[in-house]
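Input: a single structure, listed below in structure tokens.
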Amino acid sequence: MNNKKTGAILIVIAGLLFIILILYNIQLNKQSMDSACNPNAACKRLGSLLTLTNIFIGIIFSILSLGFYFVVFNKSEQEL
């Protein structure tokens with residue numbers, strides 16, 4: 001498969017995942033504001049979910065950077 005097409009597909013997938021993650025994070029922040037986040041079990045659950053979203057942000061940006069690498073820097077297919 002062409003590296004530029006693969007890179008473009010990865011960039012689109014990363015963009016869609018980022019939009020989904022932003023919408024999910026907005027819902028978590030809304031739940032956090034509704035419960036006033038006192039130290040209770042619900043706030044601990046929200047805190048762990050926010051940590052999980054940070055991990056997914058790292059994964060999404062890894063996919064995005066791999067896509068940019070395929071589009072911009074990877075020229076191995078042209079050399080053949």
Side-chain angles (χ1 to χ4, degrees):
M1 187 174 216
N2 190 352
N3 286 336
K4 290 194 182 260
K5 288 181 184 176
T6 305
I9 290 170
L10 286 174
I11 290 171
V12 169
I13 289 172
L16 291 174
L17 288 174
F18 187 71
I19 290 170
I20 291 169
L21 188 66
I22 291 296
L23 294 173
Y24 181 70
N25 206 9
I26 289 171
Q27 290 295 325
L28 283 178
N29 286 334
K30 185 178 176 185
Q31 287 178 1
S32 175
M33 294 296 264
D34 289 343
S35 66
C37 240
N38 293 326
N40 58 19
C43 282
K44 289 180 183 179
R45 184 184 65 83
L46 288 173
S48 66
L49 289 176
L50 288 173
T51 302
L52 187 63
T53 58
N54 291 338
I55 292 170
F56 281 118
I57 286 174
I59 292 170
I60 288 170
F61 279 108
S62 298
I63 294 171
L64 185 66
S65 63
L66 182 64
F68 277 121
Y69 172 76
F70 279 148
V71 169
V72 177
F73 296 114
N74 194 358
K75 306 293 183 198
S76 64
E77 193 170 294
Q78 292 176 354
E79 294 173 0
L80 299 174

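Values below: all heavy atoms of this structure, side chains included; hydrogens, waters and symmetry mates excluded.
Using a 4.5 Å cut-off between side-chain heavy atoms of Ile, Leu, Val, Met, Phe, Trp and Tyr, Ile20 forms no hydrophobic cluster with any other residue.
Hydrophobic clustering of Ile, Leu, Val, Met, Phe, Trp and Tyr side chains at less than 4.5 Å, counting indirect connections, unites Ile13 with Phe56. Hydrophobic clustering, with ILVMFWY side chains joined whenever heavy atoms are under 4.5 angstrom apart, keeps Leu10 apart from Val12. Hydrophobic clustering keeps Leu23 apart from Ile59 (ILVMFWY residues linked when any side-chain heavy atoms are closer than 4.5 Å, directly or through intermediates).
Checked against side chain to side chain contact (heavy atoms under 4.5 Å, CB included), Ile60 has the following partners two or more places apart in sequence or in another chain: Ala14, Leu17, Phe18, Leu21.
Distance check: Ile57 CD1 to Phe61 CZ gives 7.0 Å after rounding to the nearest 0.5 Å. Taking CD1 from Ile19 and CD1 from Ile22, the interatomic distance works out to 9.0 Å, rounded to the nearest 0.5 Å.
Counting heavy atoms from C-beta on, the side chains of Ile11 and Leu64 come closer than 4.5 Å.
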